[in-house]
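What follows is a single structure, written as structure tokens, with notes after it.
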Amino acid sequence: MDAIQKKILDSIDQNSVRIADFAQDIYKNGETGYQEFRTAGKVRAFFDSLGLPTEEGLAITGVKATLGGHYKRTVALIGELDGVRCEKHPDANPINGIAHACGHHIQLAALVGSALALSDPEVAAMLGANVAFWAVPAEEHVDADVRDKLIAQGRIRYITGKGELIRIGEFDGVDAVVVHHVHYAPLEADVLIGCNSSNGYVTKNIRILGRASHAAAAPEKGINALNAAALGFSAVAYQRETFRDEDRVRVHGIVEKGGGAVNVVPEEVVVEAMVRAKTIQAIKDASEKVDRAFRGAAYALGAKVEIKDIPGYLPVIAQPPQRPLREAADVLGNMATIQKADLSGHNPLSTDVGDLSQLMPVLGFTTGGCTGTLHGPDFRVVDLPRTCRLAAKMMALTAYSLLKNQAEELKEIRERFHPQLTKHEYLAYMDGAFQ
Ligand SMILES: [Zn+2]
Ligand SMILES: [Zn+2]
């Protein structure tokens, strides 16, 4: 451990209570995506207390503080602002039913803890690139109606915070990002370095239009939209043997509207479905099959169908534990158990870190210290101060290893990286690849 690494650890240890209090306050006051005004205000206040120049209101609630600012290269450290809808969680915000049952308050603790440690003048002097501390909005796909309204008002175009920030140019010129999450699945180790792949997805709004008629007196005069929907789901099921195992396809849906009155042939049925897979190509393939299933079912029943696709998150491209993560983990090795991600693993769930991973290098790690189910009412952090300290130390040490020696590791990682999509291709995908 060098003197700067020791200083980083000491700063975080000395401010452990402050960082944990900050996290606890965020935890108790969860907010939904693009509405995280209070949370963003708290993050901003923390950055202000460190004397860092800060911008706010980016993609509505995003907050960014910058350390450096005059270097050619930039690394972004990321924390997510939003919670999930989980009214049954005992610590859900009583005003809105949002709980931090995905552990994003720990990410924000890591973010402000890193800002605190790295902005120490002695530490900052050793960094050879800008550091953007990013609190980003709207990672969770909940409260779609709120986002639909914001899209209709022209205040955002994409449902996901990171996608929206990419669109408005906030990630232009960012050479790499460092991201943290609590473990996605139960794991003994305190820290897991590297990122497994995750599924991306598209959401489908499927509106089936039949014809109303008396359900008993004259069903032959009606067109039953609910029957068409049921047939559509069956046709999707018959497609499943065509999904390749390695594509990890998951198709799941709900009937949002199933008809009007029980004695009337259902005239309008609305299905919301998600199509997930490991690659963009596989998402497109499965999406087309789902479309065919519902179009064919509607045709069979004589109904009409309208399908609207809303691109969600892109697949996360697996990233091995790059050297800065390994160096950070080595420093923490005597106070935490460390594991490297098994890159043959795959997360079937989705995160908008995937969008970033298609465009730029991602250095990712997850931390433990939580029990219960992610997004569930039993989700708990066992020892908040320790969990916050560990996440903050990992993030700050990783950034330091990336940026010491004139940011040689950052340069190397950037030069080795081949993006799957250019920003232009990304925007084209988001704006119409499924329309
Ligand atoms: Zn989540
Ligand atoms: Zn999450």
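Remember, it's 1-based here, ligands and their atoms both numbered in the order they're listed. This chain uses plain numbering: 1 for the first residue, then up along the sequence. Both backbone and side-chain heavy atoms feed into the values below; hydrogens, waters and symmetry mates do not.
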Stepwise side chain to side chain donor-acceptor pair (under 3.5 Å) test for Asp2 and Tyr400:
CA-CA 11 Å; Asp2 69 24; Tyr400 167 65; 2.7 Å; yes
Could you go through Asn199 and His346, starting from their C-alpha distance and side-chain angles, then the distance that decides it, and tell me whether this counts as side chain to side chain donor-acceptor pair (under 3.5 Å)?
CA-CA 8 Å; Asn199 274 348; His346 175 74; 2.8 Å; yes
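Each protein N, O or S atom less than 2.8 Å from the Zn ion (ligand 1) was counted, giving 4.
Seen from the ring of Tyr201, Arg250 does not count as a face-on cation partner, given the 6.0 Å and 45° thresholds.
Between His104 and His181, the ring centre distance stays below 6.0 Å. The aromatic ring centres of Tyr27 and His100 sit 6.0 Å or more apart.
Residues Tyr426 and Asp355 have side chains that bring a donor and an acceptor to within less than 3.5 angstrom of each other.
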